[in-house]
Every structure is written in structure tokens, then in C-alpha cells.
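Worksheet for the structure shown next.
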There are 2 protein chains.
Amino acid sequence: MDKKREEQLNETLMLFYFAYRTFTNEPDRILEEHGIQRLHHRILFFVARTPNISVHELLKTLEVSKQALHAPMRQLIEMGYITSEPAEYDRRVRELCLTEKGQKLERQLSNVQRGKMNAIFETMGPDSEETWKQVMKKIIDNEKDE
Amino acid sequence: MDKKREEQLNETLMLFYFAYRTFTNEPDRILEEHGIQRLHHRILFFVARTPNISVHELLKTLEVSKQALHAPMRQLIEMGYITSEPAEYDRRVRELCLTEKGQKLERQLSNVQRGKMNAIFETMGPDSEETWKQVMKKIIDNEKDE
DNA sequence: GAATATAGGTCAACTTTATTGACCTAAGTG
DNA sequence: CACTTAGGTCAATAAAGTTGACCTATATTC
């Protein structure tokens with residue numbers, strides 16, 4: 001790989017870092033107002049995307065320990081954002097769902113990010129959305145080759 | 001925003017999260033072998049991109065406190081990856097540079113990520129690179145509107 | 001039915017990585 | 001000379017994670 005190509009790629013690394021940081025800034029600010037943190041947001045996000053998700057599934061998705069998940073999850077339950085009910089098919093399993101209040105907060109948090117992405121893709125056209133997603137998918141898939 | 005559009009955007013949020021996590025996984029693993037952490041990588045990366053960068057500039061770039069930067073930076077200096085020399089134009093200012101050893105480590109770390117990006121853009125074509133970068137730039141710029 | 005495995009919860013000790021505040025030196029600048 | 005800036009360092013604290021151990025309840029398997 002020649003020097004020039006390497007420098008072009010360095011720009012992509014820098015953009016990735018700054019874009020991610022910027023992207024999480026706004027939600028982080030809102031979270032702080034509610035006295036909760038980024039992991040709370042992730043929990044809310046994935047419970048919103050996957051209603052009735054089990055604790056075990058959530059653990060695997062977020063790649064944190066049971067003990068690390070526990071405190072924020074309990075907080076969300078106590079604050080009335082999430083419900084945790086035994087599953088019918090297996091009463092050991094707890095199914096997590098957002099309450100109405102939880103849906104509202106999750107929407108507030110993620111809307112900032114959705115709005116940002118939507119505005120960009122609207123300016124740049126639908127192809128840009130497809131391309132951007134494709135690149136991100138390939139980054140994720142690459143992992144499997146190693 | 002209708003439900004369907006919202007779900008499409010949710011996919012982008014998920015991709016962003018997982019892609020970033022995957023992207024930092026490999027370097028993190030290498031860093032661990034050297035007994036250093038992600039902040040060390042960021043220091044190495046930005047010093048590599050901006051030779052002679054001052055401590056103050058680095059602080060602003062990384063958005064951490066002086067005290068948080070200090071320990072890892074000193075470690076990198078002690079391990080012989082970085083040099084810190086008083087600047088000619090102002091002897092209060094320390095100019096940071098990579099040593100040869102530092103350049104080697106930085107290359108090792110960032111090559112993983114550069115290689116990943118390069119492979120993707122080679123498969124998808126040069127337009128995909130331009131588009132992806134454009135989206136990321138807009139995410140960063142958006143910050144200023146708020 | 002007893003043994004074992006799984007889902008989940010909780011306590012404790014510890015580690016890492018950051019924060020803020022205070023204070024120091026050295027070197028420029030008005 | 002007074003003040004500011006760049007940088008370094010100590011101390012107390014906070015947050016967010018880790019591992020290990022142990023508990024209950026419920027399924028599953030032999």
C-alpha cells in the first residue's frame with residue numbers, strides 16, 4: 001500500500017472516530033439530564049427493537065457481564081421504563097419490554113440520531129444510504145474472517 | 001416520520017453501533033498484548049497524523065483532561081514510543097513525535113483498520129468511499145447546528 | 001424422582017479510567 | 001513586575017466495568 005493511499009485511509013479512520021463521538025454526544029447529554037448513562041440507552045434501544053428479549057439475549061447483544069447489566073437494568077425497571085415478566089414458555093426467563101414511558105424516552109433519545117441520519121440521507125439521496133449501510137455491514141462481517 | 005422510515009433508520013443506528021465496536025476490537029486486542037489501552041492508541045494515532053503536535057492540541061483533539069492524558073502519555077514516552085521535546089518557537093510547549101519504534105506500533109495498530117477499510121472500498125468501488133466519507137463528515141458537521 | 005443444567009439475581013472485592021481541585025515550575029507577554 | 005499560558009503532578013473521588021462466589025427457581029435428562 002503506497003503512502004498516498006495510506007493517508008486517504010487515515011482520513012477514514014479519523015472520520016470514523018469523530019463521527020462516532022459526535023453521534024453519541026447528543027444522546028449522552030439527554031441521558032445525563034435523566035441521571036442515566038449510555039448503557040441505559042443501549043438497553044432501551046435493544047429492548048425497543050426486540051420486545052420480549054430475554055436478559056440472556058440482551059447480555060449477548062451488549063457483550064457485558066451479567067453484573068454490569070444488572071444495576072442499570074434494575075434502575076430502568078424501578079424508574080418505570082421497562083417491565084420484566086416471566087415468559088410463558090419458560091418461567092425462568094424474563095421477558096423485557098418497554099412501558100409507554102420507556103417508549104417515550106427511547107424515542108426521545110434515538111430520534112436525535114435518526115433525525116441526523118435522515119437529514120443526511122435526504123440531502124445525499126437514497127443511494128448514499130444504501131452504500132453507507134453496505135460499508136458498515138462489511139465492517140461487521142469482516143470480523144468472521146479472522 | 002412514518003413507522004417504516006423509522007425502522008430503516010433504526011437499522012442504521014444498529015449498524016453504527018456494531019460497526020464501531022467491531023472496528024475497535026482488533027486493535028484493542030493488539031493493545032492488550034502490549035499492556036496498553038485505547039487512549040494510548042489514540043495518542044499514537046494523532047501524534048502520527050500530526051507530528052510536533054503540542055500537549056495542548058492533543059488535549060483538545062481527544063477531549064480529555066490533562067490529568068487523564070498524562071499517565072498514558074508518560075507511559076508511551078517511557079516505553080520509547082514517543083518523544084517530547086521543547087519547541088523552538090516557545091520553550092514552554094512540548095512537541096510530541098513518534099520514535100521509529102512508535103511508528104512501527106502505530107502502523108501495526110492502524111494497519112488492521114486501514115486494511116479493513118481498503119478491502120471494503122476496493123470491493124465496492126471508489127464511489128462508495130467518497131459517499132461513506134461524505135456521510136461521516138456530515139455527521140461531524142451537524143454538531144455545529146445545535 | 002434425583003441429579004444436573006440453565007436463567008436470573010445479588011454481594012463483595014477489585015481494577016481501570018476518568019473526573020475535579022489544588023498547587024507547582026518555567027517561560028512568554030502586557 | 002504582574003499576569004497568563006503550557007505543562008506536570010498529587011490527591012480525593014466517581015463511574016463503570018471486571019471476576020468470583022453463592023443463591024433461588026425452573027427445566028431437562030437419566
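Since the model is a prediction, treat every value here as computed from it, not as a measurement. Every chain is numbered from 1, with letters handed out A, B, ... down the list of sequences. Both backbone and side-chain heavy atoms feed into the values below; hydrogens, waters and symmetry mates do not.
- Checked for salt-bridge contact, A:E63 and B:R21 meet the test: a charged N lies under 4.0 Å from a carboxylate O.
- Distance CG (A:L62) to P (D:dA16): 15 Å, rounded to an integer number of Å.
- Computed from coordinates, the B:R91 CZ to D:dT5 P distance equals 21 Å when rounded to whole Å.
- Following rounding to the nearest Å, A:E88 (CD) and D:dA27 (P) show an atom-to-atom distance of 12 Å.
- Here C:dG8 presents its C1' atom at 11 Å from CD1 of A:I77, a figure rounded to the nearest Å.
- A sub-4.0 Å separation between OP1 or OP2 of D:dG8 and a side-chain N or O of B:H70 is absent.
- Nearest heavy-atom pair, B:S128 versus B:M124, reported as atom, atom and distance to 0.1 Å: OG-CB, 3.4 Å.
- Separating the CG atom in A:L69 from the NE2 atom in A:H40 is a distance of 9.5 Å, to the nearest 0.5 Å.
- Rounded to an integer number of Å, the gap from CD1 of A:I43 to P of D:dA16 is 12 Å.
- In this structure, A:L58 atom CG and C:dG8 atom P are separated by 10 Å, rounded to whole Å.
- Distance, A:L31 CG to D:dA15 C1': 14 Å, rounded to whole Å.
- Mapped onto DNA chain C by nearest heavy atom, A:R74 and A:D90 fall at different nucleotides, with A:D90 at the one closer to the 5' end.
- Closest approach to the A:R92 side chain among C:dG8, D:dT26, C:dG9 is made by D:dT26 (side chain taken as heavy atoms from C-beta onward).
- Out of C:dT6, D:dG8, C:dG8, the shortest distance to the side chain of B:R94 is found at D:dG8.
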List every contact pair, protein side and nucleotides 16-20 of chain C side both N or O, where the distance is under 3.5 Å.
residue, atom, partner, partner atom, Å
C:dT17, OP2, B:Q37, OE1, 3.2
C:dT19, OP1, B:S65, N, 3.4
C:dT19, OP2, B:S65, N, 3.2
C:dT19, OP2, B:S65, OG, 2.4

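- Between B:I43 and B:L58, the shortest heavy-atom distance links the atoms CG2-CD2, 4.0 Å.
- A salt bridge is absent between A:E7 and A:K3: the closest approach of a Lys/Arg side-chain nitrogen to an acidic carboxylate oxygen does not fall below 4.0 angstrom.
- Ring pair A:F16/B:Y20 is perpendicular by interplanar angle, where above 60° counts as perpendicular and below 30° as parallel.
- Note: NE2 (B:H56) to P (C:dG28) measures 17 Å, nearest angstrom.
- Classification of B:E57 and B:K60 as a salt-bridged pair holds, one side-chain N sitting under 4.0 Å from a carboxylate O.
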